Amino acid sequence: MKDRVRAIAPATVANIGPGFDVLGLALDGPYDQVEAERTEDGLVTLVDITGDDGALPRSAQDNCVGAAAQAVLTTFGGPGAGVRLWLHKGLPPGSGLGSSAASSVAAAVATAAVICPEVAAPGLLDATREGERLATGSPHPDNVAPSLLGGLVACVVREQGRVEALSLPVAEGLVIVTASPEMQIPTEESRAVMPDRYGLEDVVANMSRVAGLVSGFASGDLDRIGSCLQDRLATPYRKELIPGFESVMQAAMEAGAVGGGISGAGPTLFAVTDARRKGAAVGAAMVEAFAAVGLPSVARVSPIDARGARLVGPDWTPGD
Ligand code: HSE
C-alpha cells in the first residue's frame, strides 16, 4: 500500500436528456485531481485547494472531498486511520459538468488507495454520494457513478435508496460537445424549479426515450440517439434559467449535432455528434449563439472517457 497517491476523476454529463438522476456519461476531460496521504491521526484534513480562485470551502468538514474521504474512512478504515488531502480543480464549479462529483470521486479513490486498496471502484459509490450530498443537498448518483466507473452508466435504484451502478455498452466514435456559459446555477436551485409530481404521459415519454437512448449508444445509431434526447421532466422548467437555451441548441443542430440538452443541472449545454471536426464546428456554433444573448462561453469537444477515475503519477497532465 502506498502512503501518498494522486487520483483523477472526469467531468460528466448527467441525465443525458430524459434520464433524470439515472443516466450519466464520463467525458475525456476536464478532470479534477486529489492527492491523499495516509496519516495515523484518525482525521480528514484538507491541506490545500488550487484552481478554484478561492471559491470553494477550505475546511474538510464543509468540502465534498472531506465528506467523501470521511465516508471511506468510516466504512473501511481501521482505528486511527486518517488522511491529508490536496484538491486540484480542473472543472469549473456550478457549471453542470459534475464538478462536485469529480472532486468527491477523486477524493474517495485517492483515500481508498492509501487506506483500503482492496476495495474496488464500485464499492466506493456510496462514499462518493456523501460528497455529492454535502455539496448539492442531494446524493444523486448520476454524476459520481460515471465519474467513478467511466463510460455510460445507469443508476438503478434499489431498496432504501441504495443504488447499483450499471456500466452500459457504448459504440466507438461518439463525440460530446459541451458549451459552458459564464454563469453558475447551483444544483439545489435547479432542482427546486422542478415540480413534485408529473403526469403519466410525461413519465412514459421519458422512460421510452431512456430505453431508446441506451439502445442508440450501444449500437452507435446517431439518429436514434438524437431522437431520444428530448426530456419532459427537467428541461421544460430548467431551460428558463439558461438564457439562449433554444437558440444554442438550434445552432448545435444546424452545425451537425444530432441532438442535445442541458448537462446535469446546467447551465452547460451538451450536444452529441460523431467526429472531432464536426465537434469543433458544433462547439463554435454554440459559443456564437451564447454570445448573441450576451453570454461568453467555453466549448469543449470530448470523446467519452471509458476508464473513469484512476490513480496517476505526479507528472500526469490532461491528455495522458
Ligand atoms: N441529476 C442531477 C440533476 C444531476 O439533474 O439535478 C446534477 O448535476
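Just follow the structure's listing: the first ligand is 1, and inside any ligand the first atom is 1. Sequential numbering from 1 along the given sequence is applied to the chain's residues. For clarity, every value in this text was computed on a predicted model and none was experimentally measured.
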Worksheet item: Side chain, backbone, both or neither: which part of Thr136 comes within less than 4.0 Å of ligand 1 when only heavy atoms are counted?
Response: neither
Practice prompt. Supply the atom-to-atom distance Leu269 CG to Met286 CE, rounded to the nearest 0.5 angstrom.
Written response: 5.5 Å
Item to complete: Write out the residue and atom name of the closest protein heavy atom to atom 8 (O) of ligand 1, then the distance separating them to 0.1 Å.
Response: Asn143 OD1, 2.7 Å
Item to complete: May I ask whether Ile242 and Leu233 are part of the same hydrophobic cluster, defined by side-chain heavy atoms of I, L, V, M, F, W, Y residues being less than 4.5 angstrom apart, directly or through others?
Response: yes
Practice prompt. Verify, without hydrogens or angle tests, whether Arg58 (side chain) and Ile49 (backbone) share a donor-acceptor contact under 3.5 angstrom.
Written response: yes
Discussion item. Applying a heavy-atom cut-off of 4.0 Å, say which part of Asp21 lies close to ligand 1: side chain, backbone, both or neither.
Written reply: both
Fill in: Proximal atoms of ligand 1 relative to Phe20 (non-hydrogen, under 4.0 Å)
3 (C), 5 (O), 6 (O)
Item to complete: Tell me, with the steps shown, if Glu132 and Ser100 meet side-chain hydrogen bond (donor to acceptor under 3.5 Å, both in side chains).
Response: CA-CA 6 Å; Glu132 198 69 301; Ser100 54; 2.6 Å; yes
Fill in: NZ/NE/NH1/NH2 to OD/OE distance under 4.0 Å, Lys89 and Asp52
no
Worksheet, complete the sentence: Under 4.0 Å between heavy atoms, the region of Met194 that gets near ligand 1 turns out to be neither
Discussion item. With heavy-atom distances below 4.0 Å as the criterion, list the atoms of ligand 1 near Ala14.
Written reply: 4 (C)
Practice prompt. Using a 4.5 Å cut-off on heavy atoms from C-beta on, say whether the side chain of Ser180 contacts that of Ser297.
Written response: no
Worksheet entry | Protein contact to atom 3 (C) of ligand 1 [nearest heavy atom, distance to 0.1 Å] | Arg191 NH1, 3.3 Å
